[in-house]
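Letters A, B, ... are given to chains in the order of the sequence lines, protein chains preceding strands, and every chain is numbered from 1. Small disclaimer: the values here were computed from a predicted structure and weren't measured.
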Protein chains: 2
Amino acid sequence: MGRRSDHSRKELREMIVAEGHRQISEVGFARFSAREVAKRIGYSIGTIYNVFGTHDQLILALNGRTLELWRAYLERQLEGETHDRLKRAIEAYFEFAVSHRHAWTAVYDFHLPEGVQAPDDYQGKVMAIFDFVVAEVARQLPPERTGEAAALARSLLATVHGHCHFALSGTFEYLGETDPVGAALARAKDAVGGREPSA
Amino acid sequence: MGRRSDHSRKELREMIVAEGHRQISEVGFARFSAREVAKRIGYSIGTIYNVFGTHDQLILALNGRTLELWRAYLERQLEGETHDRLKRAIEAYFEFAVSHRHAWTAVYDFHLPEGVQAPDDYQGKVMAIFDFVVAEVARQLPPERTGEAAALARSLLATVHGHCHFALSGTFEYLGETDPVGAALARAKDAVGGREPSA
DNA sequence: TTAAATAATTAGACATCGTTCAATTAACCA
DNA sequence: TGGTTAATTGAACGATGTCTAATTATTTAA
């Protein structure tokens with residue numbers, strides 16, 4: 001066939017991302033197949049590659065979608081919260097990961113070839129989540145420590161990520177950890193409310 | 001051919017694991033190929049599958065090898081250290097991951113099918129690293145907190161893992177973190193030497 | 001010594017995957 | 001109407017994991 005009026009290029013891209021995200025959410029990164037996505041939206045495999053160029057770029061688009069949904073979820077869950085925002089933020093972090101476990105895991109299972117950087121719009125989506133965390137951390141810190149917010153946010157993001165990763169991968173399960181969220185929260189409180197390191 | 005006297009079954013298994021580990025260390029999890037391993041050790045693809053049964057079980061064996069090497073490295077680096085063992089432990093953790101980045105990453109990129117547990121000997125290797133960390137954490141804690149050692153070790157392992165994962169994946173790079181080890185160490189000191197959480 | 005049983009190894013066949021690209025089809029424009 | 005352009009296709013390619021019938025070598029038994 002030729003040019004089709006029923007779907008613009010932009011709409012087609014969106015169809016692929018939507019169906020692809022559904023796919024990767026169901027079967028996970030390892031079993032994800034571009035061909036299957038094509039079949040389900042009624043296009044051929046060639047079209048996928050015309051639109052995205054490469055399997056890697058398709059994955060990048062799907063993971064980007066996950067990041068968008070994740071940030072939106074975090075912001076939605078925190079708005080209006082006045083009680084214990086740090087706790088709520090960490091809980092929401094885990095909630096999203098658990099309820100989108102395959103999509104969330106895919107973000108970390110995928111690796112660009114060595115030396116290749118993620119495109120700017122993808123980096124921007126990571127940054128958006130980071131900015132959210134920075135703002136939240138700054139809020140928790142006493143005024144004299146506001147300068148630490150960015151550095152502390154990076155470290156706390158990594159801390160919570162580690163706990164979440166261990167929770168979803170099953171590592172925590174056979175290490176005997178039954179409350180990953182609680183553990184992550186304890187580390188966060190240590191850092192935000194703790195004294196200066198003794199050494 | 002038939003039974004070969006030059007390599008017992010056990011030796012063959014070891015050859016495959018050795019070459020497989022070399023492979024996965026070089027090209028990473030995504031590009032690892034059992035066929036390539038077979039070719040390099042001069043056996044056919046069928047033999048690999050006779051010995052390991054499945055691609056997943058082969059990967060499990062390779063990741064198990066990585067865990068063994070990792071624990072051995074940690075213990076070697078800590079023996080005789082009297083100054084700042086916590087710092088040295090975290091440094092060694094990162095050192096191994098950086099110098100075996102593909103093999104280390106493969107441990108976390110691989111996932112068993114849902115509901116399938118890792119075999120006991122694999123779990124044992126994870127546990128061995130965990131036990132090492134527990135002992136180290138117990139050493140750092142004041143006597144009255146020894147009971148917390150296991151729980152704290154789980155949480156610190158996750159914390160350091162998160163920092164290491166972000167460091168190797170490049171996430172820290174574009175978040176502007178230049179000292180992942182220092183950040184991880186700061187969190188560890190917060191937890192070990194910090195006061196009780198205020199809330 | 002020879003024959004039967006056993007164990008190890010092979011390589012071809014299969015389905016699926018990402019990727020490429022010449023051919024085809026539909027829409028647009030002059 | 002005819003020509004240009006853009007979208008779409010699907011066959012072809014090489015590579016992968018997986019399975020299995022056939023083959024080969026070794027050991028055991030007669």
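Taking atom CG on B/Leu12 and atom P on C/dT10, their separation rounds to 9 Å, with Å as the unit. Straight-line distance from the CZ atom of B/Arg9 to the P atom of C/dT9: 6 Å, rounded to whole Å. Look at CD on B/Glu11: it is 13 Å from P on C/dA8, rounded to the nearest Å. At whole-Å resolution of the value, CG in B/Asn50 and C1' in D/dT20 are 10 Å apart. Distance, B/Phe29 CZ to D/dT16 C1': 13 Å, rounded to whole Å. Rounding to whole angstrom units, NZ of residue B/Lys39 and P of D/dG17 are separated by 11 Å. Put simply, CD1 on B/Ile48 is 17 Å from C1' on D/dT20, counting in whole angstrom units. Atom CG in A/Asp56 sits roughly 17 Å away from atom P in C/dC17 (whole-Å rounding).
The shortest distance between the side-chain N/O atoms of A/Ser33 and the OP1/OP2 oxygens of C/dT16 is not below 4.0 Å. The phosphate of C/dT10 has neither OP1 nor OP2 within less than 4.0 Å of any side-chain N or O from B/Tyr43. The phosphate of D/dG17 (OP1 or OP2) has no side-chain N or O of A/Arg31 nearer than 4.0 angstrom.
Contacts of B/Phe32 with the nucleic acid, taken as non-hydrogen atoms under 4.0 Å apart, involve only primed sugar atoms and P, OP1 or OP2.
A salt bridge is absent between B/Arg154 and B/Glu148; no separation between the charged side-chain nitrogens and carboxylate oxygens falls under 4.0 Å. Salt-bridge annotation for A/Glu36 and A/Arg40: present, with a side-chain N of the basic residue lying under 4.0 Å from a carboxylate O of the acidic one.
Put simply, the side chain of A/Ser169 does not reach to within 4.5 Å of the side chain of B/Tyr108, judged on heavy atoms.
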N/O to N/O distances under 3.5 Å, protein versus nucleotides 11-13 of chain C:
none

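Along DNA chain C, the nucleotide closest to B/Val51 and the one closest to A/Glu36 are compared, and the more 5′ of them pairs with B/Val51.
When the salt bridge (Lys or Arg N to Asp or Glu O under 4.0 Å) test is applied to B/Glu173, no partner is found at least two apart in sequence or on another chain.
In this structure, A/Trp70 and A/Phe96 have parallel ring planes: the angle between them is below the 30° cut-off, well short of the 60° mark. Ring geometry, B/Trp104 versus B/His161: the interplanar angle falls from 30° to 60°, so the pair is classed tilted.
Annotation for B/Arg31: atom CZ does not count as buried by contact number, only 12 or fewer foreign heavy atoms lying within 6.0 Å.
B/Ser155 and A/Arg187 share a donor-acceptor pair across their side chains, judged by distance under 3.5 Å alone.
Note on the helix from C/dT1-D/dA30 to C/dA30-D/dT1: terminal axis deviation equals 30°, with five pairs used at each end and the result rounded to 10°.
The backbone N or O of B/Ala118 sits less than 3.5 Å from a side-chain atom of B/Gln123, completing a donor-acceptor pair.
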